[in-house]
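Below is one structure; the comments refer to it alone.
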Amino acid sequence: MPKYITTIGLEVHAQLNTRSKMFCPCPVGYGADPNTQTCPTCLGLPGALPVLNLEAIEKTVLAGMMLGCSTPPISKWDRKNYFYPDMPKNYQTTQFDLPLCLDGGVPLYDLAYPKDAQKSIKNPGKVVKLTRIHLEEDVGKSTHSGIGTQLDFNRAGTPLMEIVSEPDIESAEEAFAYLISLRQILIYGGVSDADMEKGQLRCDVNISVRPEGQKELGAKIELKNLNSIAAVRRAIHHEVERQTEAVMRGEKLLQSTRRWDDDRGETQLMRSKEDAHDYRYFPCPDLLPIRTASIIERVHPRVPESPHAKRARFEQDYSVSAYDAGVLTSDKALAAWFEEAVAADAKVPAKKIANWVINELLGRLNEASSALENSLVKPTALNELVACVESGKISNTQAKEVFDEMFSSGETAVAIIKKKGFEQVSDTGALEAFCDQVISANPEKVAEFKAGNDKVLNWMTGQVMKASGGKANPKVLSELLRAKLA
Amino acid sequence: MSLATETIVSLRKRLLSKEITSADIVRDLAQAIEKKNPTIGAYLSVDTEAALKEAACADVSQPLGGIPIAIKDNINVLGQPCTCGSKMLAENYTSPYNAGSINRLREGGAIPMGRANMDEFAMGSSTENSALGVTRNPWDHERIPGGSSGGSAAAVGGDLAIAALGSDTGGSIRQPAAYCGCVGLKPTYGSVSRYGLVAFASSLDQIGPITKTVEDAALVLNHLCGKDQRDSTSLDISVPDFTASIGQEIKGLRIGLPKEYFIAGIHAGISAAVHQAVKQLESLGAIIEEISLPHTDVGIATYYILAPAEASANLSRFDGVRYGHRAENPVDVLDLYMKSRAEGFGPEVKRRILLGTYVLSSGYYDAYYIKAQRARTLIRQDFTEAFKKVDIILSPTSPVPPFKLGEHQDDPLAHYLADTFTIPPNLAGLPALSVPCGFVNEGGKDLPVGLQFVGKALDEATLLRVGHAYEQSTEWHLRKP
């Protein structure tokens with residue numbers, strides 16, 4: 001049986017979290033009463049004109065910089081013509097041949113893959129190449145009900161980035177990782193809230209299969225109505241299977257657009273190539289082309305460290321595993337929290353703090369369905385706790401108990417240790433007294449030890465521990481006892 | 001004598017001396033409109049009450065304080081209709097906002113009064129394409145007033161208005177001004193806000209005044225020009241006082257006559273009037289030179305690709321969904337679009353939407369749209385070259401006098417060709433002024449002839465200076481129909 005190669009490209013639309021819309025001063029928001037966030041421009045009233053939102057342009061250029069894109073010296077605006085009831089002007093103002101960003105790429109990393117696929121990553125460290133990012137306006141929203149179609153234009157004119165990848169993705173899992181990684185970068189850059197449920201991030205998939213050895217790509221089939229990253233994965237799996245089977249049967253696939261039905265787990269034909277729109281792009285005469293040099297200059301210093309750069313730095317500087325670096329940088333605030341904890345006292349090993357953050361703090365937050373910003377445990381306090389364990393002041397088991405209390409009360413580790421009387425006695429002077437006491441009270445055991453019965457030492461250690469009220473540092477104690485008996 | 005016959009300058013004097021009030025002007029206009037509009041058809045609607053209210057609180061110390069100005073029905077005035085001469089917007093559309101130009105006029109104290117008829121969506125040069133009524137030339141009621149700002153020009157020429165706003169995409173201010181014996185000025189592209197002007201061809205459209213004298217045009221222009229933050233194509237430049245150039249002599253001014261413009265096809269009477277005007281300008285001290293605008297012959301073809309292309313997108317919003325004409329009982333959304341647009345648009349608008357859609361189509365875009373953009377650059381370069389030699393370019397405004405109503409109804413090309421001299425300044429973004437320069441007699445009636453001056457970009461001052469000097473040395477502007 002011949003093998004089949006899958007080729008996937010993604011078109012992602014991300015709403016920018018600007019204060020106002022792309023071409024008018026109306027606020028960008030979610031959840032307002034229908035048609036309350038509108039004006040003559042975003043309603044497409046006769047005579048109204050667009051004015052560029054500089055914040056949207058800057059955010060797009062910033063996203064481009066984070067993704068390693070270049071920005072052409074001149075960028076321009078075009079009209080894309082098609083009729084749809086939720087599009088007020090029946091043309092969309094977008095960018096055709098001179099977009100704000102070109103090239104670049106989205107780095108995939110292990111943790112970005114679906115959990116069940118992280119063990120079998122085919123192309124570790126892959127970077128999916130981007131074609132371009134352009135800026136355009138969002139459309140309104142149609143709601144179909146028994147009484148007809150209702151239109152809400154609050155969303156119309158919201159700045160929308162379209163991020164187009166090269167046909168560089170080989171599997172549903174890579175597409176999944178691409179979206180996770182891209183979303184993370186957009187959130188890191190503060191350019192989009194990228195919530196798929198709110199429609200702030202939307203994804204269309206272009207997919208084709210061809211027999212191994214065939215050079216030219218198979219027929220490009222576009223998938224629409226993908227409402228979550230998990231749905232993208234499911235839809236690609238289904239579509240690869242459907243297309244492969246069709247090709248195997250000798251069917252000739254034709255360029256078309258298909259709609260994913262997530263409930264039924266299948267795609268349905270929306271339109272074939274013959275019905276494809278002729279968008280009749282032409283330069284928008286209402287907007288002048290922009291020179292990007294000054295924008296690039298202004299945005300450049302504002303570019304934050306990207307998640308992938310941060311992951312690499314964490315591995316290097318904090319000696320954490322790639323996986324742990326992935327977890328710690330999955331959220332910008334978490335990464336900052338961790339770094340603050342490490343910086344509080346540089347003597348405490350970062351790796352240990354990382355373990356506490358990942359295993360204890362995130363675990364507890366998860367159990368409590370709480371967010372990091374609500375955590376009562378502060379970074380400095382965690383450092384103190386780990387310092388106590390490292391210095392042998394308390395045992396690991398005790399430390400977990402202390403952490404529980406810190407998590408629920410917000411008290412410092414030191415205060416809780418004191419309150420619980422957990423402080424380990426490592427002071428050899430105090431311990432010596434206990435040792436001497438136990439040695440003189442048990443001459444027969446001392447004799448047994450000297451005769452070569454090593455196990456007696458454990459018993460005697462237990463006795464000293466008991467005498468110390470359980471506070472003796474076991475490591476210090478056993479060394480001391482051994483020295484005294486020798 | 002009705003105040004409706006007067007100019008802004010003369011009314012300003014009488015307002016300032018408190019001899020009359022703004023309300024007197026509004027009332028006299030209302031009376032003139034009542035008497036003449038049923039014949040002339042210059043206005044589609046007039047809200048006299050609203051104008052009187054504004055007149056009552058007019059600040060006559062303002063440069064245009066208390067002066068009513070008629071508005072072409074494609075410029076939005078809050079609370080008033082904005083039909084664009086189309087069935088599409090005639091039934092149920094009231095403008096919810098003010099155009100930038102209206103705000104500017106009001107800042108100068110002017111009162112928008114009346115909605116002037118026009119070719120549907122400004123597409124045409126006779127006002128016969130209005131779906132909402134016939135406008136007649138005040139000099140000969142059997143003839144067209146020109147267009148597309150035919151209502152504005154007929155109102156001013158027929159003394160149904162003191163002054164008016166028009167819009168000019170390929171001659172729509174200058175040609176009707178010429179036909180109705182008025183002054184018409186199309187400013188430099190970008191100097192007047194297009195915000196609130198219902199777009200025909202966005203890269204060509206420009207609002208400007210139609211007045212009875214050049215000085216009045218300068219006065220209105222003072223309160224039209226200026227940067228509007230809501231129009232990205234409006235220029236951020238300081239506005240001079242255009243009346244300052246009024247009355248200055250034109251000795252030594254170099255005036256160019258494009259040899260390509262003075263060719264066969266120009267009406268003999270118009271040719272004679274223009275040559276007489278050239279002599280007059282020479283006698284005022286101007287130096288006349290022959291120049292060449294070698295790409296004149298592609299102007300119309302270029303225009304009739306670019307303007308419809310832009311219009312095809314600009315007019316897509318009229319779909320029956322949110323406002324405007326909506327067809328009854330559509331079977332689905334496509335049917336709603338098709339029926340609403342089929343019923344709402346007239347034949348010329350449909351013709352241009354089809355033309356524009358065609359030239360933007362995949363496979364034709366390069367051959368038409370891109371080529372036309374290149375031709376536009378060549379035409380612009382022609383003017384740049386010419387203006388190295390001369391200060392002003394002179395031509396007839398229109399090669400022919402106004403024709404009879406219905407005469408060319410089935411021949412759109414005849415209409416298109418009449419725009420030969422007015423289109424190039426739009427393609428080049430240049431300011432151009434039409435001033436009355438005589439009459440031709442057709443069928444026993446005297447019909448006005450217009451002289452077109454084209455200036456360098458943003459050099460309206462020189463245009464107004466030469467226009468005023470010429471006008472004041474003649475008496476053409478004083479004749480009334």
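Quick note on labels: first sequence line is chain A, next is B, and so on, each numbered from 1.
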For residues [X] and [Y], determine if any side-chain heavy atom of one lies less than 4.5 Å from a side-chain heavy atom of the other.
X	Y	answer
A:D286	B:S232	no
A:P46	B:F121	no
A:P85	B:Y337	yes
B:S362	A:Y279	no
B:R322	A:P88	yes
B:R194	A:L49	yes
B:S361	A:R280	yes
A:F83	B:R341	yes

Distance-minimising heavy-atom pair for [X] and [Y]:
X	Y	answer
B:A313	A:N81	CB-OD1, 3.3 Å
A:G47	B:Y97	C-OH, 3.0 Å
B:D231	A:V51	N-CG2, 4.4 Å

Checking heavy atoms, do the side chain of [X], its backbone, both or neither come under 4.5 Å from chain B?
X	result
A:L45	both
A:Y281	backbone
A:P50	backbone

Could you walk me through whether B:Y365 and A:D278 pass the side-chain contact (heavy atoms from CB on, under 4.5 Å) test, one step at a time? CA-CA 11 Å; B:Y365 180 77; A:D278 178 357; over 6 Å; no
Heavy-atom distance under 4.5 Å to chain A: side chain of [X], backbone, both or neither?
X	value
B:A201	neither
B:Y364	neither
B:Q229	backbone

Does the side-chain contact (heavy atoms from CB on, under 4.5 Å) test come out yes or no for B:Y195 and A:T41, once each step is laid out? CA-CA 10 Å; B:Y195 186 80; A:T41 295; 4.1 Å; yes
For B:R317 and A:Y91: C-alpha separation, side-chain torsions, deciding distance, then whether side-chain contact (heavy atoms from CB on, under 4.5 Å) applies. CA-CA 8 Å; B:R317 67 189 67 196; A:Y91 63 79; 3.3 Å; yes
For the [atom1] atom on [X], are there more than 12 heavy atoms of other groups (residues, nucleotides or ligands in this structure) within a distance under 6.0 Å?
X	atom1	result
B:E328	CD	no
A:K220	NZ	no
A:R291	CZ	no
A:K76	NZ	yes
A:R302	CZ	yes

Side chain to side chain donor-acceptor pair (under 3.5 Å) between B:N314 and A:R79, intermediate numbers included: CA-CA 10 Å; B:N314 283 332; A:R79 293 181 179 177; 2.8 Å; yes
What distance do B:S312 atom OG and A:N90 atom CG have between them, rounded to the nearest 0.5 Å?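 It is 12.0 Å, given to the nearest 0.5 Å.
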Just so I understand: if I count every heavy-atom pair under 4.5 Å between each of A:G44, A:C284, A:P283 and chain B, which residue has the most?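 Most heavy-atom pairs under 4.5 Å with chain B: A:G44.
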